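Computed from a prediction, not measured in an experiment: that's the story for all the values here.
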Amino acid sequence: QVQLVESGGGLVQAGDSLRLSCAASGRTFSIFAMGWFRQAPGKEREFVAGIRWSGGNTYYANSVKGRFTISRDNAKNTVSLNMNSLKFEDTAVYYCAATPILTAIMHPSGYEYWGQGTQVTVSS
């Protein structure tokens, strides 16, 4: 089993940057595909970014492409989401997710393990 813990959320102003981190337990982390999702009040959970186990293939939602960057360090069991040029509409709870078998990297149903989430609030 895998345990995921997100950190790095907070309150920032529009245009600022923020870096989220996801610490994963387990010695099999390196073979897991990872993803970041977010959910704002009253909205469905949506895909933000994903990365394959090798780190060589990344995927982004159109709404964050060019502003957010996902990366992983398998030696440190860590996945990061570097967020730049934050907008008010980026405000949400951000979740880290993992799956040992990748079937749908851009959908919540494609992930088996989830963290508890970290709040990101962007003021106008």
Side-chain angles (χ1 to χ4, degrees):
Q1 295 188 249
V2 175
Q3 181 180 3
L4 306 174
V5 180
E6 303 95 336
S7 63
L11 175 63
V12 298
Q13 298 182 65
D16 284 355
S17 297
L18 200 61
R19 187 179 184 86
L20 304 183
S21 295
C22 175
S25 65
R27 301 175 69 180
T28 58
F29 171 79
S30 63
I31 67 172
F32 280 65
M34 306 294 296
W36 284 98
F37 291 79
R38 67 186 183 187
Q39 187 165 21
K43 295 185 177 181
E44 296 290 323
R45 183 164 49 186
E46 65 175 348
F47 171 78
V48 176
I51 186 168
R52 290 184 177 273
W53 68 268
S54 67
N57 297 91
T58 57
Y59 308 85
Y60 298 94
N62 289 332
S63 60
V64 306
K65 191 173 298 182
R67 298 189 298 120
F68 292 9
T69 302
I70 186 172
S71 62
R72 68 189 298 165
D73 187 334
N74 290 342
K76 297 180 179 180
N77 288 178
T78 301
V79 175
S80 299
L81 183 68
N82 188 222
M83 305 183 291
N84 295 318
S85 301
L86 283 163
K87 305 174 180 179
F88 174 75
E89 50 264 43
D90 293 320
T91 296
V93 175
Y94 283 71
Y95 298 92
C96 177
T99 180
I101 303 176
L102 184 64
T103 58
I105 198 167
M106 298 184 181
H107 299 91
S109 62
Y111 295 82
E112 183 176 353
Y113 302 101
W114 295 83
Q116 294 300 306
T118 184
Q119 178 70 47
V120 173
T121 302
V122 184
S123 62
S124 301

Query raised in the report: Can you tell me how far CG of Asn82 sits from CZ of Arg67, rounded to the nearest 0.5 angstrom?
Result: 11.5 Å

Requested in this report: Could you walk me through whether Leu86 and Phe68 pass the side-chain contact (heavy atoms from CB on, under 4.5 Å) test, one step at a time?
Outcome: CA-CA 9 Å; Leu86 283 163; Phe68 292 9; 3.9 Å; yes

Requested in this report: Apply side-chain contact (heavy atoms from CB on, under 4.5 Å) to the pair Leu4 and Tyr95, showing each step before the final yes or no.
Outcome: CA-CA 9 Å; Leu4 306 174; Tyr95 298 92; over 6 Å; no

Query raised in the report: Can you name the closest pair of heavy atoms from Ile70 and Gly50 and give their distance?
Result: CG2-O, 3.7 Å

Query raised in the report: Quick check: are there more than 12 heavy atoms from other residues, nucleotides or ligands sitting under 6.0 Å from CD of Glu89?
Result: yes

Query raised in the report: Which distance, rounded to the nearest 0.5 Å, do you find between the CE of Met34 and the OG1 of Thr78?
Result: 9.5 Å

**Report entry** From Thr69 atom OG1 to Leu81 atom CG, the distance as rounded to the nearest 0.5 Å
**Finding:** 8.0 Å

Report summary line: Between Met83 and the options Leu18, Val12, Val64, Asp90, the side-chain contact (heavy atoms from CB on, under 4.5 Å) test singles out Leu18

Report task. Determine whether Val2 and Trp53 fall in the same hydrophobic cluster, where Ile, Leu, Val, Met, Phe, Trp and Tyr are linked whenever their side-chain heavy atoms lie under 4.5 Å apart. Result -> no

Query raised in the report: Hey, is the main chain of Ile51 close enough, under 3.5 Å, to the side chain of Thr58 for a donor-acceptor pair?
Result: no

Report task. Enumerate the residue pairs fulfilling side chain to side chain donor-acceptor pair (under 3.5 Å) with a member in residues 106-120, sequence neighbours excluded, ordered by first and then second residue. Result -> Gln119-Thr121

Report task. Please test Arg38 against Val120 for side-chain contact (heavy atoms from CB on, under 4.5 Å), starting from the C-alpha separation and ending with a verdict. Result -> CA-CA 9 Å; Arg38 67 186 183 187; Val120 173; over 6 Å; no

Query - Audit row: Phe37, Gln39, side-chain contact (heavy atoms from CB on, under 4.5 Å) steps and yes/no - result: CA-CA 7 Å; Phe37 291 79; Gln39 187 165 21; over 6 Å; no

Query raised in the report: Of all heavy-atom pairs between Ser17 and Asn84, which one has the smallest distance, and what is that distance?
Result: OG-OD1, 2.8 Å

Report summary line: dist Trp36:CH2 -> Phe47:CZ (nearest 0.5 Å) comes out at 12.5 Å

**Report entry** Heavy-atom closest pair, residues Ser21 and Ser80
**Finding:** OG-OG, 4.0 Å

Report task. Answer yes or no: is there a donor N or O on one side and an acceptor on the other, between the side chain of Glu6 and the main chain of Cys96, under 3.5 Å? Result -> yes

